[in-house]
Amino acid sequence: KAGVTQTPRYLIKTRGQQVTLSCSPISGHRSVSWYQQTPGQGLQFLFEYFSETQRNKGNFPGRFSGRQFSNSRSEMNVSTLELGDSALYLCASSLVATNTGELFFGEGSRLTVL
Amino acid sequence: GNSVTQMEGPVTLSEEAFLTINCTYTATGYPSLFWYVQYPGEGLQLLLKATKADDKGSNKGFEATYRKETTSFHLEKGSVQVSDSAVYFCALSAPTSGTYKYIFGTGTRLKVLA
């Protein structure tokens with residue numbers, strides 16, 4: 001069974017550019033969440049999608065956006081990149097959005113903003 | 001709001017030493033509690049979980065007990081190995097606006113020396 005796949009794994013951008021990251025969840029999983037991981041802040045929740053609808057959103061500026069497609073694949077976009085956006089962006093999928101459910105994480109997309 | 005606090009690292013131990021990583025939480029209602037582990041270059045993976053008070057989660061020699069009276073979920077292992085070197089995240093999942101939301105601690109890096 002294939003795991004969660006994130007692309008690209010590494011990317012370098014400059015300030016002011018925009019970036020799109022992709023996440024393919026485990027087959028059959030309908031819930032996809034995104035997290036930003038930085039050394040100082042740990043994992044910060046960005047948003048969660050379930051059946052193409054955003055169900056939860058973290059405390060990030062509007063430059064961060066996402067969407068989910070009918071096949072459950074998800075993308076997140078960051079516009080007008082800032083140096084502080086450099087981080088590992090992790091995607092996690094789960095079968096359904098429940099409080100006892102396990103999250104399955106991808107290996108992440110490491111973004112460096114110069 | 002809900003939160004998770006875990007001890008700061010890094011924690012450095014010799015092989016076969018006893019491990020404790022403290023984790024306390026603040027939450028309304030009855031959250032589920034989790035420990036995730038992140039090995040170098042990988043995403044997070046579930047280590048163990050507990051879904052109600054007094055439950056003990058265990059896996060690969062690691063244990064944690066859900067203590068509602070002290071709002072704690074400390075991770076323990078009797079004899080660590082070099083292969084346990086990783087970053088450990090405590091997390092809770094609690095109801096939020098009709099769905100459930102995961103909150104992660106900042107992570108504790110464990111280094112085990114041979």
Side-chain angles (χ1 to χ4, degrees), chain A residues 1-7 9-10 21 23-26 29-51 53-60 68 87-110, chain B residues 1-10 21 23-25 27-53 55 57 59 66 73 86-109:
Chain A
K1 186 175 182 179
V4 177
T5 304
Q6 291 189 246
T7 57
R9 289 291 314 280
Y10 303 91
L21 309 178
C23 172
S24 293
I26 290 172
H29 285 194
R30 296 168 63 191
S31 175
V32 174
S33 303
W34 288 90
Y35 294 84
Q36 181 194 65
Q37 184 179 12
T38 57
Q41 299 294 318
L43 269 77
Q44 301 292 309
F45 172 75
L46 282 156
F47 20 67
E48 184 221 343
Y49 289 88
F50 182 80
S51 293
T53 300
Q54 186 180 90
R55 288 160 60 106
N56 265 311
K57 190 177 191 308
N59 296 324
F60 278 81
Q68 186 180 32
L88 180 66
Y89 290 88
L90 291 167
C91 168
S93 74
S94 61
L95 195 55
V96 291
T98 73
N99 70 324
T100 60
E102 175 181 356
L103 295 180
F104 293 83
F105 283 84
E107 294 180 321
S109 293
R110 184 167 295 282
Chain B
N2 299 336
S3 66
V4 173
T5 302
Q6 60 181 107
M7 62 188 288
E8 288 194 23
I21 300 178
C23 171
T24 57
Y25 68 91
T28 54
Y30 302 94
S32 294
L33 302 175
F34 306 81
W35 278 100
Y36 281 80
V37 58
Q38 185 179 33
Y39 297 102
E42 299 182 11
L44 281 71
Q45 56 185 274
L46 180 67
L47 181 60
L48 53 84
K49 71 177 184 181
T51 58
K52 61 183 188 295
D55 265 2
N59 185 26
Y66 189 141
F73 193 55
V87 181
Y88 292 81
F89 292 89
C90 184
L92 68 80
S93 178
T96 303
S97 304
T99 182
Y100 295 95
K101 190 172 174 179
Y102 260 81
I103 294 173
F104 286 84
T106 53
T108 302
R109 181 176 299 278

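Values below: every heavy atom of this structure, side chains too, minus hydrogens, waters and symmetry copies. Convention: sequence-line order gives letters A, B, ...; per-chain numbering from 1. None of the values given here were measured: they were computed from a predicted structure.
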Least distance between heavy atoms, K101(B) atom then F45(A) atom: CE-CD2, 3.5 Å
Euclidean distance, Y36(B) OH relative to L103(A) CG, rounded to 0.5 Å: 4.0 Å
All salt bridge (charged side-chain N to carboxylate O under 4.0 Å, His left out) counterparts of K52(B), not counting sequence neighbours: D55(B)
Aromatic ring proximity, centroids under 6.0 angstrom, Y102(B) and Y35(A): no
Option in Q44(A), R110(A), Q37(A) with maximal non-hydrogen atom pairs under 4.5 Å from chain B: Q37(A)
Heavy-atom pairs under 4.5 Å with chain A, option from I103(B), L46(B), T106(B) with the top count: L46(B)
More than 12 heavy atoms from other groups under 6.0 Å of CD on E8(B): no
Counterpart residues, ring pair (Phe, Tyr, Trp, His ring centres under 6.0 Å), relative to F89(B) (two or more places apart): none
